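Structure record follows, encoded as structure tokens.
Since this is a predicted model, take the numbers as computed values, not measurements. Remember, it's 1-based here, ligands and their atoms both numbered in the order they're listed.
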Amino acid sequence: MEGKASLLDNMIGVGDMVLLEPLSEDSFLENLKKRFDHNEIYTYIGSVVISMNPYRSLPIYTPEKVEEYRNRNFYELSPHIYALADEAYRSLRDQDKDQCILITGESGAGKTEASKLVMSYVAAVCGKGQEVNKVKEQLLQSNPVLEAFGNAKTVRNDNSSRFGKYMDIEFDFKGDPLGGVISNYLLEKSRVVKQPRGERNFHVFYQLLSGASDETLKKLKLDRDVSKYNYLCLDSASVSGVDDAANFRTVRNAMQIVGFMEDEVQSVLQLVAAVLKLGNIEFKPESRSNGLDESRVKDKNDLKEMCELLGIEQSVLERAFSYRTVEAKSEKVSTTLNVAQAYYARDALAKNLYSRLFSWLVTRINGSIKAQAKTRHKVMGVLDIYGFEIFEDNSFEQFIINYCNEKLQQIFIELTLREEQEEYIREGIEWTNIEYFNNAVICDLMENNQNGILAMLDEECLRPGTVTDETFLDKLNTICAEHQHFESRLSKNSKFLTDHSLPHNCFRIQHYAGKVLYRVEGFVDKNNDLLYRDLSQAMYKANHNLIKQLFPEGSPAKINLKRPPTAGFQFKASVGTLMRNLQTKNPNYIRCIKPNDKKASHIFTESLVCHQVRYLGLMENVRVRRAGYAFRQAYEPCLERYKMLCKKTWPHWKGPARQGVEVLMADLKVPAEEYSYGRSKIFIRNPRTLFFLEERRRQCLQDLAALIQKIYRGWKCRRQFLLMKKSQVVVAAWYRRYAQEKKYKKIKRATTVMQSYARGWQARKLLRQLKHQKRCEEAATTIAAYWHGTQARRELRRLKEEARRKHAVAVIWAYWQGLKVRREYRKFFRANAGKKIYNFTVQRIIQKYFLNLRKNLPSMSPIDKSWPTRPYSFLDGVHTELRRIFHLWRCKKYRSQFTEEKKAVYEEKLEASKLFKDRKALYPSSVSQSFKGDYLEINKNPKYQKLHSAVDEKVLLADTISKINRANGKGTPRIFLLTKKSVVLADQKTGQVKASVPLLDLASVSVSKQSDGFFALKLKEGSASAVKGDFLLSSERLIEIITKLYRLSAANAERVPLSVDISDEFLVQFKTDKVCVKFIQGSPRNGNSASCKRKNNRLLEVSVPSTP
Ligand SMILES: Nc1ncnc2c1ncn2[C@@H]1O[C@H](COP(=O)(O)OP(=O)(O)O)[C@@H](O)[C@H]1O
Ligand SMILES: [Mg+2]
């Protein structure tokens, strides 16, 4: 497929009219029809695209199609608008040539659609990215907004553009869109106030009424019912296949994307609503005294609502509809308006309001889509301008539109036909002249500055005196009468005097596309485009930003008595600018043809198409193409482009470029008739030749690319290889080192093992030898030892035997001697010997006993009870006596260490033992206590200073005790002091003496047998102390206290010692009562201390916890 694809493949009819054979108008139409019937709506004439409106959607605009045409040669695929768009885009991007796409054709031929297709294609193939996509989206979305406000349904087209649009899309060097600029040309504003039968006002009115929410409508003071508005024609309020409500949403959305602020959108809608309201304002005549009628607003409600919408003071606007102020030479003259003038003023205001709003929209959109970057950019202009219009009733607008189309045709002719022919002549190429109709003469008729129709219209408008459309026509009749394209009934040219198809108030122009009859009515007015100053001033006073902006001339600061330029003048100027702009760009043509007048698919009305083909000059176009050369290029770029196709020119050609091209063509063996050498360019007759060159170039480029790739890859691989090799060496070195090290370690380990085995084996062998040797040595020794042993024993035995024998001899001898001695001395020794032996034996035993005893004596502690056992029973007495003596001696030794005080203590203890041992259960616990006496350290403690001084005697005992209350048996702490002479009870806290009892007054002391500390000090009857009665006290140191008391009384030789009664029940004297103190065993749970309770006046019970 690659390379072979061509528009010639699978062709229906002929894809390029240049290839049509034979070439005639019939065959041309037939080819168009054939292709149209097969849904081939595009056909080429060289690089011009003819587009037939299919009036239905065809599946040829899919993304797949876009891909198919992307970056392909123009003639490679079947004709398509995408091929043209791609060609234009690529030459813009790659060859840096500004492009313009000129779309021409009648109204409804598909120009606007074509322009959208071109834009969407470019958007699809150009760069991507967030920013670029945003730009694209804004550029594309500007369309719906402009269409809503500038398009309307006409009899020819349901979506007819009522304004001319030229859009420059700007690209950066990469071909990414940067932004755009839209220029608009002459909106057909008369449509705002009046529409021909079967046509509608601009879309936006219907869209607003059917698409806006109830809330919005309420805000805009509008009613959804279209029939309520005078400016909206009733008979075709809705168009089949058009959903106004949905379109309204699309437009709102598009406005948002383009960048309109919400308040701007609201302002725009308010203006639209205001135009509708304006249409509903009606006037009635009011007679004036001077006999003239003056207009008055009929129903002020609409006026009021409109004024509210735009923030205009109602009275100001109302006055502007009734009066007109004319200023002349600093004089102000106010004249009244009649009803017709008031309606004229109203409509003029509506038209102006709307057309200015439209221009503002374009400016606003431009503000949004304008390219941000200031860098140099390339431009692609897309021109979608209203097509040639021939209506039944043609007016100023049609005149203007057709003028524009004449100009476009002119530029087409200039750029394609004339330019081409002239170029051939310039380049010295042999050329047969082709006749074609040059419409420059018509353009001249219309725009000539001296006697052109537009110039005369302007002149008429500016002329003082009464000016009417008729005076204008008269002027035309006199000045243009001779012009061959101008026809008028009243012209001097008698030819038309009897032409009844030409009414008196009309003139006719033979346009390049046909004759058009223009009715002069309204020409002057429309050209003047007059808006009473009172109205513009009223508008300027509005409290509405947008309105104020739209009527700057209403500003009192800007009063300008000069007339504004006429509509015709402005239009001519803008068309002039447009033409100059287009001439600087590389043109691409799309020529739209409409196949029928019914907006119907599948219908091909031959006469209609034939007419269009003729006036579009398509046949001439083909002829010029066929006669000429399809392609031309200056020698330098041509050589630059194709020099790689020939060895002689590649890579550098030294000589002139032309020679290089010649060498190249000769080398490529291109047939000579296929090309011609011009002065500065080579002309290639057939596109095929060009394709051939391109194809070769493509292949060659591929080869070159392959070569570059090859070298680069080789270099890259080599570099990679060298790097890897270097790395490999390093890696290998490291690895070898590692491996060798590992191997070495392994061998070393093995060697060590083997060594150890060998050494072990050797050592064991040696050990065995040594052991054997040792054993041998030992065996000798053993044997020797045994031998010596045996010998020694034998010797011993012999010696023993000898000794025994000697002994036996001695014994026997001794016995014998003894026997002999005894026999001799028996009569002298027998009586004393036994006693002596006995005594000796006993002495010996006793000596041994004593020595033993001395060795085993017990310790010196008096309480040590141990004593050695006696060895013989006959020593029993001695043994016991010795034990006693030893103990006494030991005790004496022990006592001799005591000091005097310690001795006193022990004496006291002894006394206590005598008194209480085995008599009172408290006693055992007192044995271990040392009787310290002064527990309170009364003489040292400063607290008791006073007390100490109160007692003049030496204190023997001081302690805190509990004094039992005689009345209730409860205890109170008291300081208890004992001196040699008295017992003192003092307050524990204050140290104040409470009672002092001389010891002489004490009769006895009573205590219980239990472990409690209660004791009663009984006083002698009649003594001074006995007034209150006996004391019942309790102390833990009871044993010490009583012992001390006892010893004091015992020490006094004049007294009988104090009697100590120990009993569980005793009587005490409390004042006058004798009370029995009874001790009972309480349960242990009461705690350890005994509790005392006065039961009655006879009994005081002390409960002592049982000792467990
Ligand atoms: N390529 C196309 N494919 C399908 N329908 C088309 C195409 N071109 C035009 N049309 C139809 O024709 C109508 C008029 O086209 P439009 O571009 O508005 O005409 P013009 O701008 O020339 O007046 C469009 O609304 C559409 O319905
Ligand atoms: Mg259009």
Side-chain angles (χ1 to χ4, degrees), residues 32 35-36 39-43 49-62 65-66 69 78-85 101-121 142-167 182 184-188 191 199-200 202-203 239-244 247 250 358 382-391 397-398 401-402 404-405 408 513 589-605 608-609 612 615-616:
L32 275 184
R35 290 179 63 75
F36 180 74
N39 295 333
E40 288 284 349
I41 60 167
Y42 297 112
T43 310
V49 175
I50 303 175
S51 160
M52 302 280 289
N53 187 349
Y55 282 120
R56 69 203 164 93
S57 61
L58 294 176
I60 53 170
Y61 306 113
T62 55
K65 275 278 169 193
V66 171
Y69 279 86
S78 60
H80 199 292
I81 192 163
Y82 284 172
L84 177 125
I101 306 212
L102 303 180
I103 308 168
T104 51
E106 281 188 25
S107 177
K111 298 181 296 298
T112 304
E113 291 298 321
S115 78
K116 287 194 258 183
L117 287 170
V118 169
M119 277 166 65
S120 66
Y121 178 83
S142 66
N143 268 334
V145 184
L146 291 182
E147 282 192 10
F149 287 85
N151 285 22
K153 179 202 151 138
T154 64
V155 281
R156 313 258 148 128
N157 183 351
D158 288 346
N159 182 32
S160 180
S161 320
R162 306 316 299 162
F163 67 106
K165 178 179 153 196
Y166 173 72
M167 181 169 185
I182 298 170
N184 64 315
Y185 300 98
L186 194 76
L187 179 77
E188 185 201 39
R191 185 169 295 273
E199 300 196 355
R200 291 209 311 181
F202 292 101
H203 292 325
V239 183
S240 71
V242 175
D243 182 352
D244 284 321
N247 286 344
T250 314
F358 186 74
V382 181
L383 180 70
D384 164 28
I385 207 144
Y386 15 58
F388 202 82
E389 280 182 356
I390 312 173
F391 293 136
E397 287 84 3
Q398 278 66 45
I401 289 170
N402 291 345
C404 180
N405 278 279
L408 281 176
Y589 291 99
I590 301 168
R591 321 225 73 187
C592 298
I593 290 179
K594 66 192 233 189
N596 58 66
D597 255 341
K598 304 186 177 66
K599 308 176 193 169
S601 57
H602 297 298
I603 297 176
F604 188 93
T605 314
L608 188 76
V609 177
Q612 293 172 74
Y615 76 68
L616 287 175

- Query: Ion pair present between Glu199 and Arg191, side-chain N to carboxylate O less than 4.0 angstrom?
  - Reply: yes
- Task: Decide if the gap between the ring center of Tyr121 and the ring center of Tyr82 is smaller than 6.0 angstrom.
- Result: yes
- Message: Please enumerate all residues that pass salt bridge (Lys or Arg N to Asp or Glu O under 4.0 Å) together with Asp597, with sequence neighbours excluded.
- Response: Lys594
- Task: Mind checking the SG-CD1 spacing from Cys592 to Ile81? Nearest 0.5 Å is all I need.
- Result: 7.0 Å
- Item | The single option from Asn143, Asn151, Asp384 passing side-chain hydrogen bond (donor to acceptor under 3.5 Å, both in side chains) against Thr112 | Asp384
- Rounded to the nearest 0.5 Å, what separation is found between the CG atom of Leu117 and the CG atom of Leu84? 11.5 Å
- By chain and number, the residues contacting ligand 1 below 4.0 angstrom (heavy atoms only) are Asn53, Pro54, Tyr55, Arg56, Tyr61, Glu106, Ser107, Gly108, Ala109, Gly110, Lys111, Thr112, Glu113, Asn157, Asn159
- Note on the structure: Excluding water, the protein N, O or S atoms sitting under 2.8 Å from the Mg ion (ligand 2) are Thr112 OG1, Ser161 OG
- Query: How long is the gap from CG on Asp158 to NZ on Lys153, to the nearest 0.5 Å?
  - Reply: 5.0 Å
- List in chain and number order the residues that pass ring-ring contact (aromatic ring centres under 6.0 Å, His included) with Tyr166, two or more places apart in sequence or in another chain; answer none if no residue qualifies. none
- Message: Do the side chains of Glu147 and Lys116 get close enough for a salt bridge, i.e. N-O under 4.0 angstrom?
- Response: yes
